[in-house]
2 protein chains.
Amino acid sequence: MGKRRAETIADEIEELIFGGTFAEGTRLDEHALAVRFGVSRTPIREALQKLTLPGLVTHIPNRGVFVHQPGPVELMEMFEVMAELEAAAGRLAARRISTAALDDLRAANARCREAVAAQDADAYYLQNETFHQIIYAQSGNSFLRAEALRLHRRLRPFRRHQLRLRGRMAQSMAEHEAIVAALEQGRAAAAADALRSHVAVQGEKFHHLISSLRPAAE
Amino acid sequence: MGKRRAETIADEIEELIFGGTFAEGTRLDEHALAVRFGVSRTPIREALQKLTLPGLVTHIPNRGVFVHQPGPVELMEMFEVMAELEAAAGRLAARRISTAALDDLRAANARCREAVAAQDADAYYLQNETFHQIIYAQSGNSFLRAEALRLHRRLRPFRRHQLRLRGRMAQSMAEHEAIVAALEQGRAAAAADALRSHVAVQGEKFHHLISSLRPAAE
DNA sequence: GATCCAATCATTGTATACAAATCGATTGAC
DNA sequence: GTCAATCGATTTGTATACAATGATTGGATC
């Protein structure tokens with residue numbers, strides 16, 4: 001869904017926000033963006049509206065759109081919801097997961113282990129993505145899968161940051177092992193709990209990271 | 001957020017879809033809607049884009065937008081996710097709920113009971129709304145609250161239908177009692193379970209309703 | 001008679017032009 | 001000197017005009 005042009009522009013603007021080009025609170029000038037992308041204001045407006053729905057920017061009538069990066073509390077809240085969605089996916093997947101998917105999960109986990117050994121955060125991040133997406137898919141609930149992917153995508157840049165924390169990759173790895181074990185044995189409640197805490201701890205880690213960066217802010 | 005005109009138009013189109021004026025699969029002609037609302041195509045396009053995000057319509061590039069009413073399976077999936085969100089809200093609310101909110105909850109429940117006695121489905125529906133919204137709010141997680149409200153709103157017309165099933169109102173009432181009890185006692189797990197099944201059963205009920213209406217469809 | 005190709009037509013996507021509204025600055029009064 | 005109000009400029013919201021893409025229909029050929 002979406003028109004080719006506005007879609008790509010929306011993605012590019014999103015990258016610019018995540019990349020830090022547009023800081024928190026910046027007003028996104030339609031005309032400036034139009035000349036920047038070499039198009040009219042119309043596709044820009046559509047692109048900005050697309051960014052409004054995930055909450056990446058807020059639109060104030062007759063004022064313009066402003067980039068809205070979530071603060072520490074809002075971020076914690078989002079991770080909390082993400083944890084619940086993952087837990088739900090895990091609970092369902094424990095009963096429905098296929099043996100082929102279990103193999104894929106183990107394979108992704110093995111590649112994660114290699115990344116930990118190589119201290120390659122980017123590689124770990126990538127394999128971690130597939131690990132979680134397999135679980136979403138195996139929940140057998142395509143709506144849940146779509147919602148989880150949506151929020152996962154929104155939190156992506158923050159997950160990435162917190163991976164750099166000392167020892168986090170190894171800890172995350174151990175949690176992955178527990179999750180796979182629970183899914184293998186079809187223990188729904190255990191899988192749900194393991195996934196919930198696995199994600200929730202990311203929010204807490206990030207909270208600490210933020211607080212340490214700006215001691216007396218907000 | 002949004003421009004006054006496009007916002008109201010989006011709401012009106014939404015009502016037209018829920019009201020059955022625009023059936024499943026109907027293509028929403030921009031020009032026709034423009035003359036209908038007495039505006040240009042531009043605000044119509046913005047309104048249609050707003051409806052795309054909740055999944056009310058699907059936009060196919062260069063083809064147009066089509067109303068997309070969820071089928072039985074998709075609906076079940078949505079109720080399943082809704083159940084998890086409610087369960088999460090309940091688990092959090094069990095620890096954080098204020099005494100004032102507990103009073104509000106009991107009051108809403110009392111009004112629900114009156115509605116059951118009067119066999120007034122509309123009144124029950126209304127009080128049921130506030131009952132659930134109090135729980136969302138008391139989760140203390142405003143992001144969760146917003147997400148729950150969003151999905152709740154999407155499922156609204158279907159909840160309404162299944163309330164008409166014989167005995168459903170009374171059963172729902174009993175479930176409400178159990179939820180309040182769990183919240184009063186601060187039993188997080190119990191509150192979560194009660195809310196999960198309370199919502200999940202709605203999806204199942206609706207599934208039965210659908211199947212009985214069209215015996216050999218889908 | 002059926003099928004395939006092409007041209008026309010309708011509808012969406014984009015650009016530009018116009019109107020309305022908000023923010024800032026300047027000027028006047030107290 | 002400070003505050004308020006009005007005027008102006010910038011920016012968003014809407015309308016219209018143009019371009020491009022996809023559907024449909026007509027004709028020609030096999």
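Note on naming: letters A, B, ... go to the chains in the order of the sequence lines (proteins, then strands), and numbering restarts at 1 for each one. These numbers come from the heavy atoms of this one structure, side chains and all, not from hydrogens, waters or symmetry mates.
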>> Given C/dG13, C/dT11, D/dT12, identify the nucleotide with an atom nearest to the side chain of B/Asp29.
In response: C/dT11
> Looking only at atom types and distance, does a side-chain atom of B/Gln138 sit under 3.5 Å from a main-chain N or O of B/Ala93, one as donor and one as acceptor?
Replying inline: no
>> Determine whether a donor-acceptor pair (N or O, by modelled atom type, separation under 3.5 Å) exists between the side chain of A/Glu84 and the backbone of B/Ala88.
In response: no
> Is the cationic atom of B/Arg160 (NZ for Lys, CZ for Arg) positioned less than 6.0 Å from the six-membered ring centroid of B/Tyr125 and within 45 degrees of its normal?
Replying inline: yes
> Please give, in whole Å, the distance from D/dT14 P to B/Gln49 CD?
Replying inline: 14 Å
Give me the distances for all protein-to-nucleotides 20-23 of chain C N/O pairs that come in under 3.5 Å?
unit_1: C/dC23; atom_1: OP1; unit_2: A/Arg63; atom_2: NE; d: 3.0
unit_1: C/dC23; atom_1: OP1; unit_2: A/Arg63; atom_2: NH1; d: 3.0

>> How many whole angstroms separate atom CD of A/Glu30 from atom C1' of D/dG13?
In response: 9 Å
> Checking A/Arg96 side chain against A/Ser139 main chain: does a donor-acceptor pair fall under 3.5 Å?
Replying inline: yes
> Of the non-hydrogen atoms in B/Leu33 and B/Leu48, which two are nearest, and what is the gap between them?
Replying inline: CD1-CD2, 4.3 Å
> Out of curiosity, B/Lys50 NZ to B/Leu53 CG, how far, rounded to the nearest 0.5 Å?
Replying inline: 8.0 Å
> Just how far, in rounded Å, is P of C/dC9 from NE2 of B/His31?
Replying inline: 17 Å
> Is there a donor-acceptor contact under 3.5 Å from the side chain of A/Arg154 to the main chain of A/Gly55?
Replying inline: yes
>> side-chain hydrogen bond (donor to acceptor under 3.5 Å, both in side chains), that's the test. Do B/Gln133 and B/His152 meet it? Break it down for me.
In response: CA-CA 9 Å; B/Gln133 288 180 11; B/His152 188 105; 5.3 Å; no
>> Does a side-chain N or O of A/Arg45 approach OP1 or OP2 of D/dT14 to a distance below 4.0 Å, or not?
In response: no
> For A/Glu7 and C/dT12, what is the distance between atoms CD and P respectively, to the nearest whole Å?
Replying inline: 18 Å
>> Could you tell me how far apart A/Glu46 (CD) and C/dT14 (P) are, to the nearest whole angstrom?
In response: 7 Å
>> Without decimals, in angstroms, what is the distance between B/Lys50 NZ and D/dG13 C1'?
In response: 12 Å
List, with names and distances, any nitrogen or oxygen atoms from the protein found under 3.5 Å away from nitrogen or oxygen atoms belonging to nucleotides 15-18 of chain C.
unit_1: C/dA15; atom_1: OP2; unit_2: A/Ser40; atom_2: N; d: 2.6
unit_1: C/dA15; atom_1: N7; unit_2: A/Thr42; atom_2: OG1; d: 3.0

> In whole angstroms, how far is the P atom of C/dG13 from the CD1 atom of B/Ile44?
Replying inline: 14 Å
> Under the criterion side chain to side chain contact (heavy atoms under 4.5 Å, CB included), which of A/His132, A/Arg159, A/Arg196 is the partner of A/Met82?
Replying inline: A/Arg159
> In whole Å, what is the span from the CZ atom of A/Arg27 to the C1' atom of C/dG24?
Replying inline: 13 Å
